[in-house]
Amino acid sequence: MTIIATLLIAVTVLLHIGFLVLEMFLWTGPQGRKAFRMSQERAEATKVLAANQGLYNGFLAAGLLWSLIASPPEFAFQLKLFFLVCVIVAAIYGAWSVKPRILLVQGGPAILALLFTVLAS
């Protein structure tokens, strides 16, 4: 269970690093516009907001990465719970406010990671 939980947290970290890169650096380029189905004009108009979102995704990734290397184990567990719940809340809000698919893409791995983290404890 612990290995599965760790792998799912690592997947969540990688996803959020990817979101950071996409939102902070690729937003106005072809990859960002294609991923979010935007015109160049819309991408330019929203690039500051997207960069802010990307930064928050980076903080989530950093927190989850910290949780994987933190000590003692009790503290690492608390970090895992906190940052996974943050990701899940963000995914729920994104699903409600933007599109339901966000819950699956952003929240799915975090929900599974939370489940396996709790089961492994």
Side-chain angles (χ1 to χ4, degrees):
M1 292 281 182
T2 303
I3 293 171
I4 295 170
T6 300
L7 289 173
L8 287 165
I9 291 170
V11 166
T12 305
V13 167
L14 292 174
L15 282 170
H16 281 76
I17 290 170
F19 299 151
L20 175 147
V21 170
L22 188 60
E23 293 168 346
M24 292 189 79
F25 305 110
L26 304 176
W27 188 258
T28 58
Q31 301 94 333
R33 291 194 324 270
K34 180 180 178 186
F36 295 96
R37 299 179 185 106
M38 296 181 297
S39 67
Q40 182 68 43
E41 296 77 24
R42 177 124 173 103
E44 289 294 335
T46 58
K47 70 181 178 182
V48 173
L49 294 171
N52 190 48
Q53 272 181 198
L55 186 61
Y56 282 97
N57 279 310
F59 291 144
L60 292 172
L64 285 170
L65 187 58
W66 179 26
S67 80
L68 292 175
I69 61 173
S71 187
E74 298 81 15
F75 179 58
F77 178 74
Q78 292 171 345
L79 288 173
K80 289 171 186 172
L81 292 184
F82 175 77
F83 284 102
L84 288 169
V85 169
C86 286
V87 169
I88 293 165
V89 169
I92 290 168
Y93 183 76
W96 174 76
S97 63
V98 180
K99 62 181 169 182
R101 185 171 181 265
I102 291 173
L103 185 58
L104 177 65
V105 173
Q106 182 179 355
I111 292 166
L112 290 173
L114 181 62
L115 176 69
F116 279 93
T117 298
V118 170
L119 290 174
S121 69

Please name the pair of heavy atoms, one in Ala91 and one in Ile102, separated by the smallest distance, quoted to 0.1 Å.
-> O-CG2, 3.8 Å
Can you find a pair of side-chain heavy atoms, one from Phe36 and one from Arg42, that are under 4.5 Å apart?
-> no
Could you tell me the separation between the SG atom of Cys86 and the CG atom of Leu81, rounded to the nearest 0.5 Å?
-> 11.0 Å
Could you tell me which non-hydrogen atom of Leu22 sits nearest to which non-hydrogen atom of Ala35, and how far apart they are?
-> CD2-CB, 3.9 Å
Smallest separation among heavy atoms of Asn57 and Glu23, with atom names = ND2-OE1, 2.9 Å
Gln40 and Glu44: side-chain donor and acceptor closer than 3.5 Å?
-> yes
Does any non-hydrogen side-chain atom of Thr6 lie less than 4.5 Å from one of Phe116?
-> no
Treat each ILVMFWY residue as a node, draw an edge where side-chain heavy atoms are under 4.5 Å apart, and state whether Leu7 and Leu14 are in one component.
-> no
Partners passing ring-ring contact (aromatic ring centres under 6.0 Å, His included) against Phe75 (at least two apart in sequence or in another chain) = Trp66
Could you go through the side-chain contact (heavy atoms from CB on, under 4.5 Å) check for Val105 and Phe19 one step at a time?
-> CA-CA 11 Å; Val105 173; Phe19 299 151; 4.2 Å; yes
On a heavy-atom basis, the closest approach of Ala61 and His16 is CB-CB, 3.9 Å
Val11 reachable from Ile9 in the ILVMFWY side-chain graph, under 4.5 Å edges = no
Taken to the nearest 0.5 Å, the spacing of Ile111 CD1 from Gln106 CD works out to 10.0 Å
Kindly indicate whether the side chain of Val87, heavy atoms from C-beta on, has any atom under 4.5 Å from the side chain of Leu64.
-> yes
Could you grab the distance from atom OG1 of Thr28 to atom NZ of Lys47, nearest 0.5 Å is fine?
-> 6.0 Å
Hydrophobic cluster of Tyr93, others only, ordered by chain and residue number, side-chain cut-off 4.5 Å = Trp96
What about Leu15 and Phe59, same hydrophobic cluster or not, with Ile/Leu/Val/Met/Phe/Trp/Tyr joined at side-chain heavy-atom distances under 4.5 Å?
-> no
Could you walk me through whether Leu114 and Lys80 pass the side-chain contact (heavy atoms from CB on, under 4.5 Å) check?
-> CA-CA 8 Å; Leu114 181 62; Lys80 289 171 186 172; over 6 Å; no
Closest approach of Phe25 and Leu20, non-hydrogen atoms and distance?
-> CE1-CD2, 3.8 Å
The single option from Leu112, Leu84, Leu8 that satisfies side-chain contact (heavy atoms from CB on, under 4.5 Å) with Thr117 is Leu84
Do Leu119 and Phe77 belong to the same hydrophobic cluster, where Ile, Leu, Val, Met, Phe, Trp and Tyr are linked whenever their side-chain heavy atoms lie under 4.5 Å apart, directly or via other members?
-> no
How close do Ser67 and Ala76 get, heavy atom to heavy atom, and via which atoms?
-> O-CB, 3.5 Å
Under 4.5 Å between side-chain heavy atoms, hopping through other hydrophobics if needed: is there a path connecting Tyr56 to Met24?
-> yes
